[in-house]
2 protein chains.
Amino acid sequence: MAAAKRLTQKDIAQLAGVSQATVSLVLNGTPLSHSRIPAETRERVEKVIRDTGYVADPVARKMVKGLNRILGVFTYEPAFPSGQADFFTPFLFGIEEAAQALGYDLLLLTGAGQQRKIFGDNVRLRLADGCVILGRKFDNTELARLVAGDFPFVAVGRRDDAGGPVPYVGGDYAPATSALVERAKSFGHRRIAYIGLNEGAESTVDRWYGFSRAVGEAELVTSIFEVGRPPNEILDILLAAGATCVFVTELVDAIAIEHAARSRGLSIPDDLSIVVLGNHIRAEEVGRRFTSFAIPREAMARAATEMLVRRVEHDAPVEQILLHCEPLEGDTLGAPSSKTKKTK
Amino acid sequence: MAAAKRLTQKDIAQLAGVSQATVSLVLNGTPLSHSRIPAETRERVEKVIRDTGYVADPVARKMVKGLNRILGVFTYEPAFPSGQADFFTPFLFGIEEAAQALGYDLLLLTGAGQQRKIFGDNVRLRLADGCVILGRKFDNTELARLVAGDFPFVAVGRRDDAGGPVPYVGGDYAPATSALVERAKSFGHRRIAYIGLNEGAESTVDRWYGFSRAVGEAELVTSIFEVGRPPNEILDILLAAGATCVFVTELVDAIAIEHAARSRGLSIPDDLSIVVLGNHIRAEEVGRRFTSFAIPREAMARAATEMLVRRVEHDAPVEQILLHCEPLEGDTLGAPSSKTKKTK
DNA sequence: TCCTGTCGCTAATACGTATTAGCTATTTAT
DNA sequence: ATAAATAGCTAATACGTATTAGCGACAGGA
C-alpha cells in the first residue's frame, strides 16, 4: 500500500549487474548497438525485466524523445455533459478508431471547469504530440496562435484562415446544399424559403453560400436569418410569401415547423416541402425522416486524425479536405401540389 | 512551420534578466517564497511570460512532481468500434463528468492493436496518475499484478479478490435480481425458469446468486445455463416445464423469446412473463419495455472516478462500493393467466 | 567597527530515460 | 612483442521543471 516506489532502469540495472545505459540499450537499442551486446547479457537483463514487470516511464521517455504517441482531443463547446453528447460522440468514435489503427492513445481535455481555453495556465494539451480540435465555433485568437505556433493540430470542420491556412477536415456543405436546391427545383419548386443564420460559423456560411448559389433570384421568396423563432410566426411568413419549399438549418426548427404545419391541416410535403441542411444524430427518433444530407462525422474525424499523425510524424504541410455529403432522400421533399401553387 | 523550438523557462529567464529558478518561483512559488520576490521583479517576469505566451511543459512538470492530473481509462473489450460503443459510452460520460469536476483530463488507452494488455511493451498507461478499468471480463493475472503494484486504479464493476481486495464500484445485481424474483412471486408465479450463464464474470455470478437465493427449490422449474440458444428450443423447454415466468440475463435472448412466443400465439405477459436482468442501452428501441432493473452506469463511473482520485491524492485505502439498481416496471411481468397455470 | 539578520536572488540537484563518447580488456595483425 | 582493432560495456549528459541550500549585499544593533 505504501507506494512501493516505482521501479526504474537503475533498479533493473542493479539486479542484472549492469549499468542503466545497458538496460536502456537492451530495451530499445538500434540494430547497431544491439550487435554490441552479447545475447547472454541481453537475456539476463530481459529476464529481470520480465520478473519485475518493469516498464519504462512514458513521461521520462517523452522528456527526451519529444514524442509520446498520444493525441490530444480538445473541444470548445463542453462536449460531454449529456446534452452535447450526441454531437460529440460520432467524432470521438472516428478519432478513436483512427488513433487505435495508428497506435496512438488519446488525451481527452476536459477543460477543467468552464474555461475552455487552449492557452491557459494549465495547458496540459502539450503533453500530447498533437491535437484534434472540435467545436462549431472556435476562438479566433487562439486559432491564430495555434496556426502561428509549432504545435501540430487539425480542426474538424472547415475554418477560415487565421493568420494563415488552418489544417482541417470538414464536410462539403455548400455543394451538398446546392444539390438539394437543384433537387427541389427539379420537383417543380419555384418559391423557396431559407431559415437559419447566414453568418457566423463557417459551417453556417457554407450552407447559405451553397443555397444562394443554387437558388435563382426570383425563386427565393423569403429568408429568416435567425433560429428558434416561434414556428407559427415562421409559418405565417412562409405562407404569406407563398413558399412551397423551405430550407432549414436547424433540426429543431424543422420539427417545430412540421408540427405547426400539421396542426393547421397542412400536409408535408404536399403543401410544404421541408429540407434540413445536415443530418442529426438520433434523427431517427424524431418520427419524421427529413430530407437532408449526411454529414460523415466518423469519416471526418478519422481523416482529421490521420492528417494530424502525418503532421506529427512527417511534419506534413497544411492540408484542407472537404468530404462529400451524401443526399438523404427522406420524405419531406416532394412535388408542390397544384393547390398550393394556385394558393399563392 | 519549421518547429520554432519551444520556449523554456531558460528563455524566459534570459529575457527577464533573471535565473530559471526565479521564473519557476514566480510561476508556482509558495506564499513563503513569493514573499521573497519583490513585486517589481515578479511583474517583469510575468510580463515576459504574457508577451511570449510561454507555458510550462507538462511533461517536465510531471517528471519532477510525479502527478499529472490525468486519469487513464483502460478497457478490456475493445470499446469503441461502434458495436461495443453503446456499452462503453455511458461509462465514459460518467468518468468524464467526474474528471472534469475534479480538474482531471482523461487518457484513453486505445490498446493499440488487438492486444488489450495493461502490461505490455507499450504501457503508456503510467503517464496517468491512476486508472479506471472497464470491461466485463478482466485478465486475472493482470488484475493481480495491479493489486500487488503501486499504481492506483479502480475497477468499474465488482471484482473478486485477486491476491488482495480489488477497489471497485459496481452495480448491486444480486439484491436487484432477488427483488424481481420476489415481485414475480407476489404476482403469483410459482413456476420460474432461468436462462443465462451462472458462472464466469462476477456480474453473471451475482445475478445467478441473487436469483437462486430468492427463488424456492420448488419454484425453479428449469435452467438453461447458456446464451444465444435458438429461441424455439428454449420455448419448447419452457413450455414443457410449465414455466409461467422466465428470467433472462441477455436482452437478445429476451427479444428472441418474446418474438418466438408471439408467433406461436402466446401473449406476454399473460401466458409467459419475461424478466431481463439489467437494462440495456438503446433498450427503448427494441419496441417492448422489458421488466428489468436499471444499471446506474453513469453513477458507477462517476463514483469510480471519485474513488480513484481519492486514492491518487490521499492514498485512500481500498473501497468496494455497490450501487443500488432500481427496478424497472416494464410490461413483460404480470400475473400468470389461469389458463397457463392449468396447461401445465 | 564588527556581528547578526534579512532581502533578493541563484547554483545545484533530482526526476527517469535515451544517447553519445569513450574506457578497459581482450583479440588480431604485424 | 607491440600496435591496432574490436568487443563489451559505462560515464556523462541532455531534456525542462521544481525545489532546497545558500551566497552576496545591505541594514540595523551593539
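Naming convention: chains lettered A, B, ... in sequence-line order (proteins, then strands); numbering from 1 in each chain. These figures come from a predicted structure and were not determined experimentally.
The nearest whole Å value for the distance from the CZ atom in A/R44 to the C1' atom in D/dC9 is 11 Å. Between the C1' atom of C/dC15 and the NZ atom of A/K10 lies a distance of 9 Å, rounded to the nearest Å. Going from atom CG of B/L27 over to atom C1' of D/dG16 covers 12 Å, rounded to whole Å. Nucleotide C/dT17 holds its C1' atom 14 Å from the NZ atom of A/K62, rounded to whole Å. If you take CG of B/N28 and P of D/dT20, they are 12 Å apart, rounded to a whole angstrom. One atom, NZ of B/K65, and another, P of C/dA14, lie 19 Å apart when rounded to the nearest Å. In this structure, the CD1 atom of A/I49 is 10 Å from the P atom of C/dT17, given to the nearest Å. A/I37 places its CD1 atom 16 Å from the C1' atom of D/dT6, with the value rounded to the nearest Å.
Using a cut-off of 4.0 Å between Lys/Arg side-chain N and Asp/Glu carboxylate O, A/E202 and A/R158 are scored as not salt-bridged. Remark: B/E319 engages B/R310 in a salt bridge, criterion side-chain N to carboxylate O under 4.0 Å. Ion pair B/E43/B/R50 not flagged as a salt bridge, since none of the NZ, NE, NH1 or NH2 atoms sits closer than 4.0 Å to an Asp/Glu carboxylate oxygen.
Residue B/Y54 places none of its side-chain N or O atoms closer than 4.0 Å to OP1 or OP2 of D/dG16. Remark: B/T8 is not in phosphate contact with D/dG16, judged by side-chain N or O atoms under 4.0 Å from OP1 or OP2. For the OP1/OP2 pair of C/dG16 and a distance below 4.0 Å, the side-chain nitrogens and oxygens of A/R61 include no atom meeting the criterion. Under 4.0 angstrom from either OP1 or OP2 of D/dA18 there lies at least one side-chain N or O belonging to B/S24.
Picking from D/dG16, C/dT10, C/dT19 the nucleotide with the shortest atom distance to the side chain of B/V64 gives D/dG16. Closest to the side chain of A/Q9, out of C/dT19, C/dG16, C/dA18, is C/dA18.
Both A/T41 and A/Q20 lie near DNA chain D, and the one whose nearest nucleotide falls closer to the 5' end is A/T41. Sequence order on DNA chain C of the closest nucleotides to A/T22 and A/M63 puts A/M63 first from the 5' end.
Geometrically, B/R159 does not engage B/Y168 in a cation-pi contact, judged by NZ or CZ lying under 6.0 Å from the ring centre and within 45° of the ring axis.
Shown here for B/L308 and B/C131, the closest heavy-atom pair between the two residues is CD2-N, 3.3 Å.
Within 4.0 Å of A/V18, counting heavy atoms only, lie sugar-phosphate atoms of the nucleic acid but no base atom.
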